[in-house]
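I have placed the structure first, in the form of structure tokens, so that the comments after it can refer back to it.
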Protein chains: 2
Amino acid sequence: MLKYQTIANEIENYIETHQLQHGEKLPVLDQLMTQFNTSKTTIIKALDSLEKQGIVFQVRGSGIFVRRKKRADYISLLSNQGFKQELEQFNITSDIIEFNIQKPTHKIAQNLHISLDQDIYYVKRVRHMDGKPFCIESSYYNKAYVTYLNNEIIQNSIFSYIQEGLGLKIGFSDFYMQMDKLTAFEATHLHLQENDPKLIVEQLFYLTNGVPFNYSEIHYHYQYAKFYVFSTNH
Amino acid sequence: MLKYQTIANEIENYIETHQLQHGEKLPVLDQLMTQFNTSKTTIIKALDSLEKQGIVFQVRGSGIFVRRKKRADYISLLSNQGFKQELEQFNITSDIIEFNIQKPTHKIAQNLHISLDQDIYYVKRVRHMDGKPFCIESSYYNKAYVTYLNNEIIQNSIFSYIQEGLGLKIGFSDFYMQMDKLTAFEATHLHLQENDPKLIVEQLFYLTNGVPFNYSEIHYHYQYAKFYVFSTNH
DNA sequence: CAGTGGTCTAGACCACTAT
DNA sequence: TAGTGGTCTAGACCACTGG
């Protein structure tokens with residue numbers, strides 16, 4: 001593990017275990033430098049990382065402060081899959097609706113940047129959070145990279161398996177969001193009425209080398225899906 | 001303007017004017033260092049900034065590549081207000097529904113971290129994009145910081161005025177998202193039916209020193225509001 | 001103006017990719 | 001194993017905040 005990541009983690013743990021409140025001041029740079037026995041650049045890099053995650057904010061000429069204003073019942077839009085799995089605090093279960101190997105449609109081929117005769121894994125699941133139907137997910141994996149999946153894996157976290165089991169490294173992702181009304185089919189799975197609202201999130205995940213390996217279309221329950229995103233102005 | 005920002009801008013312009021495609025390789029670090037007559041750290045910092053904006057991605061051991069997979073009809077969720085105004089490509093107009101100075105409700109006071117007897121500007125607008133009703137925005141500004149607003153300002157970009165006119169510096173922001181059904185009142189303003197879907201986005205904007213100065217609640221038209229977000233795994 | 005965070009440099013060394 | 005990106009250092013200097 002890299003030094004700046006270790007430091008970032010330690011600072012995050014410190015904030016957590018000491019239950020620091022929003023706006024509380026952290027030690028100054030000089031002190032952090034000696035405490036972690038490292039250079040200024042490395043501390044700043046650790047703090048930048050924490051700032052990006054919405055954990056601290058830095059004010060030039062003043063200090064470094066704790067930022068923790070999350071609402072407990074909202075989940076991070078971006079940590080949704082793949083990245084840091086904060087979802088562990090919830091009990092996630094999945095009902096498999098469909099699972100097979102097939103050829104991509106035109107749209108999927110385009111998103112995954114493959115030709116129409118290449119194989120993809122297709123997984124369609126209803127995902128529950130603490131027993132409530134949370135979303136319907138249709139997910140397509142480029143089989144050239146995600147070489148193997150089985151029922152047990154897709155019952156749990158596919159992304160954990162991809163990273164730990166297959167050793168693939170996830171680099172970045174695109175999210176596209178829009179709304180629509182539920183179809184009758186979706187409504188029964190989500191325990192809602194036809195034409196009730198839904199949020200559609202299309203996700204495209206890339207490996208570190210820029211190859212898109214997964215495309216997903218997720219339809220969220222309009223009462224249970226609540227997201228937050230943090231943003232920083234630089 | 002800082003050196004790394006200047007370099008980031010120049011690289012971005014280069015990609016734009018040369019219409020580089022997704023996946024095309026940029027010059028290697030050594031070349032960029034000599035070209036911009038600067039150190040490695042500064043180039044990396046410029047590239048990190050571009051990476052965060054979803055403009056390039058870096059692959060260790062391989063190179064720096066262009067990332068441009070945006071869908072034209074989606075707008076950035078985060079650049080929505082305040083930050084880089086990509087919205088200039090659209091023709092945005094506003095109908096003012098309400099505009100006054102008032103005392104905050106409990107909820108607003110809590111979000112803006114003020115007491116119930118402090119003054120706030122209240123602005124309620126229907127915003128149109130290229131003539132289509134796009135959202136209904138209820139916005140609350142802490143008058144201790146946003147000291148002045150008038151009809152002309154709120155007809156246009158309030159955030160431009162806050163930054164350029166009042167000289168306030170925006171630091172970061174929180175977004176909270178959920179869905180619901182339109183009320184009859186909202187439906188008429190958005191030219192939709194009662195109970196049609198809507199996306200509710202609550203935004204909280206902070207100055208660089210961590211003071212929250214604006215809280216907004218925005219209700220989006222379910223057919224016209226389409227957003228994208230980019231994410232990077234570090 | 002003292003204190004504090006941010007930028008920038010030159011260079012050593014490390015880690016990954018592609019061949 | 002050559003090429004390329006990433007981390008880390010020590011230190012100079014800059015920019016902002018707040019009393």
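Residue numbers begin at 1 in each chain, while the letters A, B, ... track the order of the sequences.
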Between N or O atoms, less than 3.5 Å apart, protein on one side and nucleotides 4-8 of chain D on the other: list the pairs.
unit_1: D:dT4; atom_1: O2; unit_2: B:Gly61; atom_2: N; d: 3.4
unit_1: D:dG5; atom_1: OP2; unit_2: B:Leu29; atom_2: N; d: 2.8
unit_1: D:dG5; atom_1: O4'; unit_2: B:Gly61; atom_2: N; d: 3.4
unit_1: D:dG5; atom_1: N2; unit_2: B:Arg60; atom_2: NH1; d: 3.1
unit_1: D:dG6; atom_1: OP2; unit_2: B:Gln58; atom_2: OE1; d: 2.5
unit_1: D:dG6; atom_1: O6; unit_2: B:Lys40; atom_2: NZ; d: 2.6
unit_1: D:dT7; atom_1: OP1; unit_2: A:Tyr4; atom_2: OH; d: 3.3
unit_1: D:dT7; atom_1: OP2; unit_2: A:Lys45; atom_2: NZ; d: 2.3
unit_1: D:dC8; atom_1: OP1; unit_2: A:Lys3; atom_2: N; d: 2.6
unit_1: D:dC8; atom_1: OP2; unit_2: A:Tyr4; atom_2: N; d: 3.4

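- Summary of the strand contacts: B:Asn37 and A:Lys169 both lie near DNA chain C, and taking for each the nucleotide with the nearest heavy atom, the more 5' one is attributed to B:Asn37.
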- Item | Worked verdict on B:Phe230 versus A:Asp174 for side chain to side chain contact (heavy atoms under 4.5 Å, CB included) | CA-CA 5 Å; B:Phe230 290 135; A:Asp174 306 335; 3.1 Å; yes
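- Contact check on A:Arg68 versus A:Glu16 returns a salt bridge, with a Lys/Arg side-chain nitrogen under 4.0 Å from an Asp/Glu carboxylate oxygen.
- By the 30° and 60° cut-offs, the orientation of the rings of A:Tyr161 relative to A:Tyr148 is perpendicular.
- Aromatic ring pairs are classed by plane angle as parallel below 30°, tilted from 30° to 60° and perpendicular above 60°; the pair A:Phe205 and A:Phe213 is tilted.
- Aromatic ring centroids of B:Phe134 and B:Tyr220 lie under 6.0 Å apart.
- Across its full length, the helix from C:dC1-D:dG18 to C:dA18-D:dT1 shows an angle of 30° between the axes of its 5 terminal pairs at either end, rounded to 10 degrees.
- The aromatic rings of A:His22 and A:Phe57 lie tilted to each other, with the angle between the two planes from 30° to 60°.
- Nucleotide D:dA12 holds its C1' atom 13 Å from the CE atom of A:Met33, rounded to whole Å.
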- Message: Let's go through A:Leu112 and A:Leu204 carefully: what are the C-alpha distance in whole Å and the side-chain angles of both, what is the deciding distance for side chain to side chain contact (heavy atoms under 4.5 Å, CB included) to 0.1 Å, and is it a yes or a no?
- Response: CA-CA 8 Å; A:Leu112 289 180; A:Leu204 199 44; 4.3 Å; yes
If you look only at distance, which donor and acceptor atoms sit under 3.5 Å apart when one is on a side chain in residues 27-41 of chain A and the other is two or more places apart or in another chain?
unit_1: A:Thr34; atom_1: OG1; unit_2: A:Asp30; atom_2: O; d: 3.4
unit_1: A:Thr34; atom_1: OG1; unit_2: A:Gln31; atom_2: O; d: 2.9
unit_1: A:Ser39; atom_1: OG; unit_2: A:Thr42; atom_2: OG1; d: 3.2

